[in-house]
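Structure record follows, encoded as structure tokens.
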Amino acid sequence: MAKIINLVLMLSLLLVVASEGQFLANGILKPPATLKCESAYGVKTGDTCFEIAQAFNLPTELFDSINPNLNCTALFVGQWVCLNGTLS
Ligand SMILES: *[C@@H]1O[C@H](CO)[C@@H](O)[C@H](O)[C@H]1NC(C)=O
Ligand SMILES: *[C@@H]1O[C@H](CO)[C@@H](O)[C@H](O)[C@H]1NC(C)=O
């Protein structure tokens, strides 16, 4: 009996972890940590971090600070890039 309860607890923990960093229904990125992303952009074919930052007038430092986990070497189409957010 105790084993079954443990299994249920573990499964619900896994579910909580799996839902971290997912997208909300409205397409706005739900940030994993303390970063609050106000708006996001879906990467299109041929986009680079530099071009996206320039297109939205974002200084590189700001762009990096609101996209801490973004790997610009491995940017992919459909990936969400944060354009404006607040760190708290
Ligand atoms: C970013 O992606 C490139 C290409 O897949 C990879 O070689 C590199 O290790 C990645 N960097 C980080 C910090 O994950
Ligand atoms: C970023 O979001 C904040 C809070 O919603 C807003 O006040 C600010 O005008 C936005 N900045 C830009 C550049 O969109």
Side-chain angles (χ1 to χ4, degrees):
M1 192 57 193
K3 270 188 182 157
I4 291 172
I5 291 169
N6 276 342
L7 190 67
V8 170
L9 278 175
M10 268 179 58
L11 282 177
S12 46
L13 262 178
L14 277 176
L15 282 177
V16 169
V17 172
S19 59
E20 287 288 328
Q22 292 295 330
F23 300 101
L24 299 177
N26 59 7
I28 303 296
L29 184 67
K30 183 187 167 199
T34 50
L35 179 70
K36 191 170 185 296
C37 195
E38 300 285 347
S39 57
Y41 167 79
V43 173
K44 306 272 187 298
T45 311
D47 281 348
T48 63
C49 285
F50 181 74
E51 280 169 356
I52 296 168
Q54 274 212 326
F56 293 94
N57 283 317
L58 299 171
T60 309
E61 312 83 65
L62 176 65
F63 184 85
D64 289 344
S65 73
I66 57 179
N67 292 287
N69 299 315
L70 188 66
N71 184 347
C72 287
T73 315
L75 207 62
F76 59 87
V77 174
Q79 179 169 27
W80 290 101
V81 172
C82 187
L83 297 177
N84 184 13
T86 44
L87 290 159
S88 51

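Each ligand, and each atom within it, is numbered from 1 in the order the structure gives.
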Under 4.0 Å from atom 2 (O) of ligand 1, is there any protein heavy atom? yes
So the atoms of ligand 1 within less than 4.0 Å of a heavy atom of Ala74 turn out to be 2 (O), 5 (O)
Regarding atom 14 (O) of ligand 1: of the candidates Thr73, Asn69, Asn71, which has the closest heavy atom? Asn71
Hey, what do you get for CG (Leu83) to CD (Glu38), rounding to the nearest 0.5 Å? 11.5 Å
Counting only heavy atoms on the protein side, is anything nearer than 4.0 Å to atom 11 (N) of ligand 1? yes
Heavy atoms of Trp80 and Ala40 approach each other most closely as CE3-CB, 3.7 Å
Do any N or O atoms from the side chain of Asn67 and from the backbone of Phe63 form a donor-acceptor pair under 3.5 angstrom? yes
Only one of Ile52, Thr48, Leu70 forms a side chain to side chain contact (heavy atoms under 4.5 Å, CB included) with Val43, so which one is it? Ile52
